[in-house]
Structure formats: C-alpha cells, structure tokens
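Whatever order the structure lists them in is the order used to number ligands and atoms, beginning at 1. For clarity, every value in this text was computed on a predicted model and none was experimentally measured.
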Amino acid sequence: MKQSLAIPALLLLSICLSVSCTKSTATTSSSTDTLPAVFKKFDSTLVTISVQGDYVVLQSTGIPDHKSPYFASTDSRYEADTDAGFVKNPNSISAQNYTFKIPLHPALNTAHAATPLGPMGIAINGVPLFNQYAGPSTPLTTEIVSFDQYGGHPQQTGQYHYHVEPTYITANHGDSALIGFLLDGFPVYGPVENGVTLSSSDLDTYHGHFGPTPDYPNGIYHYHITADAPYINGSGFYGTAGIVTN
Ligand SMILES: [Zn+2]
Ligand SMILES: [Zn+2]
C-alpha cells in the first residue's frame, strides 16, 4: 500500500519538475531569442537591429539610400524632381538618431490606439513611415505635391519620411515586397499580393488583413500600402505599439 502510493507521488513530482523546467526555459529564452529571419530583409548597412527582451530594436539615421531634391544641390545625392506637379518644401534632409522598439511577439490590442504624428513605423532602408495626416486631423492634401520622386519629403527638423509608397523600395524589391514594420510589430507589404493590386477597400479599417505572406507562411496580420488614402495605416494600430525615440 505504501509503495503503490509512493510511485504515483514520484511520478507526479517528476511531471511537476519537467513542467517547471520547460516553463523556466521558455522564460529565459525571451531574453536570448534570436532575431526572426524576416528582419534580414532590412538593409544592415542602414539599420542596426538587435533583440532586447521582448522587443526588436532598430536604429537608423533615417537618411534615405536614394537620391532626393531635398539634399543640398552640391551633394552627390541630390537629384532634381522633374515631375511637373512637384513643389519643393523649404526643408532639407538631416541625420537623425532613431531607436524603434517594436514587439518581438506582436499581438492584437482591441483599443487600436491612434498612430502618432511623426514616425509610426520604419522601412527596410531605415526611413520612418508617417501616417496619413500632415498635422492633427489635417489631411495630406496640400503636402502631396512636395513628395519627391521616391515618395518622401523632410519635415521642419530634417526627418525624411514616407506617407505613401516608397517607390525606390518597390522598384528594387518588387510591388509585393516587405516594406517595413509599424511600431506594433506587424509587417507592412507593398500594394500587390498574389498578382492582385490591392486598394483600401480590400483591407480592414486599420489598413491590413490576416493571411500568409512569404515571411510568415502560417499567416500573420499585416498592413499593405495602397495608392489610395489612407495609404499605409487606417484608423490606428492593429496591435500594441512599441516606442520610438529620436
Ligand atoms: Zn510629411
Ligand atoms: Zn496581404
């Protein structure tokens, strides 16, 4: 009788031990998680990336890897925008000191916080992604003419950014390429999926949908950039946003 009780007790003990062992391994691994392969799509000469706890940390100067009329005309990176409708704004590109901390394990947040004015995400060339507003509740309407031939422009403190498709990235990587990530850790893709050009009406109110992508074959929530407004994000983040400092 004594022995028949002792055996289940021992079994139970060993089960508890193995469970707690698994648990502690899982907890420990979050600080040593390796970088998901998708982040290899960032240009490592422009963006420094590491994993810190439950965050992927991306650092960049935000200077584009393509030419622009917003570099000084004496700079080798200067290129005029010959589009007849282009109207240059008075700003010029300057180096920033961005640190984006985005969730390593992005998750839905039903509060769907509004995206900030300023950086709401980062493209694979280290340039920030901005939302569909020029100022608080002010549409981009009058700013659009100042987007250069690659879809970006600098604001008053020299932060070059994209509100719309970064055409240098899609020209070089394809219309369905990974463009970058928003602060909530969900990826942003170009306007084409499975050969079909998407518009905002194909997407939810946050400007994304759930489904497989080449980087996430099992499916993930992801945003798409479209040619029509609101371009990158709709009415807020799908998930819980991380932090950006500059
Ligand atoms: Zn802008
Ligand atoms: Zn999609």
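- The Zn ion (ligand 2) forms the vertex of an angle spanning NE2 of His209 and NE2 of His224; to the nearest 10 degrees it equals 110°.
- Taking the six-membered ring for Trp and the full ring otherwise, Tyr223 and His207 have centroids separated by 6.0 Å or more.
- Our summary of the site lists the angle at the Zn ion (ligand 1) between NE2 of His153 and NE2 of His163 as 110°, to the nearest 10 degrees.
- Proximity of the aromatic rings of Tyr221 and Phe210 is defined here by a centroid distance below 6.0 angstrom, and this criterion is not met.
- If you look at Glu193 and ask which of its N, O or S atoms sits nearest the Zn ion (ligand 2), the answer is OE2.
- No side-chain heavy atom of Ile179 sits less than 4.5 Å from a side-chain heavy atom of Tyr189.
- His112 has its ring centre less than 6.0 Å from the ring centre of Tyr206.
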